[in-house]
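One structure is given below, encoded as structure tokens.
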Amino acid sequence: KQNISKTNEEQILKIKSELANLQKEVGEEEIPNTEFLKSDLIKRTQKIELIECQIQDFSKIISALEVKKQTSEELKEKISKIDQCPICLQEVKDEHKMFISSREDEGIFNIQKQVTDSNIKKEELEKELELLKQGLEKVRKKESELSLIKVKLVHIDEKTKNLNRLRKENEILEENVLEINKKIKEVNSQIETLKDGEEKYNLIKKERDELNQKERSIEIQQAELIR
């Protein structure tokens, strides 16, 4: 019976230790609502998708500007090499060539400025995207940790309730054993005084044997409670 009580106490101490460790993991604050984290995950994911679309848009703009820049450079080179207009067959004067070259240079300068600005904005978005992805991963990890802690707390709560029930039942069984032991002592006392009366002796001995059987039955129940 002492081993049964000791086992119960060891299990209770183990649960208290588990609860203390969980409290350290969670901290002093209450466990945040995982529904809030799920909502945060959705918002972060949507933000990431939006920025990815913006990055793709800038990539398309930069590609289009590069094509436009290349077209202007090709036109400059082509104009510099012709001496006669292929359509009207008139002479292409240097002044005209310089005008077209100057115009295209200005266009190329503006295009390059747009390319530079677009690349800067694209790089800023890529940095923001990286930070958002890191934050998303942290939130996912936190949600997973909190879900695990909630499951552990539920299990520990159930185990604690079960142990409290076992201790209560064990106390009742202990009381029954004490009561039976008391009766056994009374019966043994009667047996000592009634040895000469064989018939009464046998009846009282039978009662004692039955009480001993009940005591063994209770001890078996106690052993089963802690399995």
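This is a predicted model, so every value here is computed, not measured. Counting begins at 1 with the first residue of the sequence.
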Review point. Just how far is it from atom CG of Leu136 to atom CG of Leu131, taken to the nearest 0.5 Å?
Key: 12.5 Å
Check your understanding: Does Ile180 reach the side chain of Ile184, with side-chain heavy atoms less than 4.5 Å apart?
Key -> yes
Point to revise | Atom pair CD/CD1 of Gln54 and Ile61 - distance to nearest 0.5 Å | key: 10.5 Å
Exercise for review: Answer whether the closest heavy-atom distance between the side chains of Glu210 and Lys206 falls below 4.5 Å.
Suggested key: yes
Review point. Of all residues at least two apart in sequence or in a different chain, which pass the side chain to side chain donor-acceptor pair (under 3.5 Å) check with Gln134?
Key: Glu130
Review point. What is the minimum heavy-atom distance between Thr45 and Leu41, and which atoms define it?
Key: OG1-O, 2.7 Å
Exercise for review: Starting at CD of Glu73, measure out to NZ of Lys76 and round the result to the nearest 0.5 Å.
Suggested key: 7.0 Å
Check your understanding: Would Lys78 and Glu74 satisfy side-chain contact (heavy atoms from CB on, under 4.5 Å), going step by step from the backbone distance to the final call?
Key -> CA-CA 6 Å; Lys78 184 178 179 181; Glu74 290 173 353; over 6 Å; no
Review point. Distance from Ile111 atom CD1 to Glu106 atom CD, nearest 0.5 Å?
Key: 11.0 Å
**Study point:** Atom pair NZ (Lys69) and OG1 (Thr71), whose distance is rounded to the nearest 0.5 Å
**Key:** 12.0 Å
Check your understanding: Run the side-chain contact (heavy atoms from CB on, under 4.5 Å) check on Leu129 and Leu125 step by step: do they pass?
Key -> CA-CA 6 Å; Leu129 179 64; Leu125 286 172; over 6 Å; no
Exercise for review: Would you indicate whether the side-chain heavy atoms of Glu137 and Lys133 approach each other to under 4.5 Å?
Suggested key: no
Check your understanding: Do any N or O atoms from the side chain of Ser102 and from the backbone of Met98 form a donor-acceptor pair under 3.5 angstrom?
Key -> no
Check your understanding: Do Lys47 and Glu128 come within less than 4.5 Å of each other through their side chains, counting heavy atoms only?
Key -> yes
Review point. Given the rule that I, L, V, M, F, W and Y join up when any side-chain heavy atoms are under 4.5 Å apart, are Ile108 and Leu65 in one cluster?
Key: no
Point to revise | Nearest heavy atoms of Glu104 and Ser72, plus distance in Å | key: OE1-OG, 2.9 Å
Point to revise | Spacing of CG belonging to Asp57 relative to CD1 belonging to Ile62, to within rounding of 0.5 Å | key: 11.0 Å
Practice item. State, with a plain yes or no, whether a side-chain heavy atom of Gln46 is found less than 4.5 Å away from one of Leu50. Key: no
Exercise for review: Determine whether Leu75 and Arg103 make a side-chain contact, defined as any pair of heavy atoms from C-beta on separated by less than 4.5 Å.
Suggested key: yes
Point to revise | Polar side-chain atom of Ser144 near backbone of Arg140 as donor-acceptor pair, under 3.5 Å | key: no
Exercise for review: May I ask you to check whether over 12 heavy atoms, not counting those of Glu77, lie within 6.0 Å of atom CD?
Suggested key: no
For residues 115-124, dump all side-chain donor-acceptor pairs below 3.5 Å to protein atoms at least two apart in sequence or in another chain.
unit_1 : atom_1 : unit_2 : atom_2 : d
Thr116 : OG1    : Gln112 : O      : 2.9
Asp117 : OD2    : Lys113 : NZ     : 3.3
Ser118 : OG     : Gln114 : O      : 2.8
Asn119 : ND2    : Val115 : O      : 3.2
Lys122 : NZ     : Ser59  : OG     : 3.1

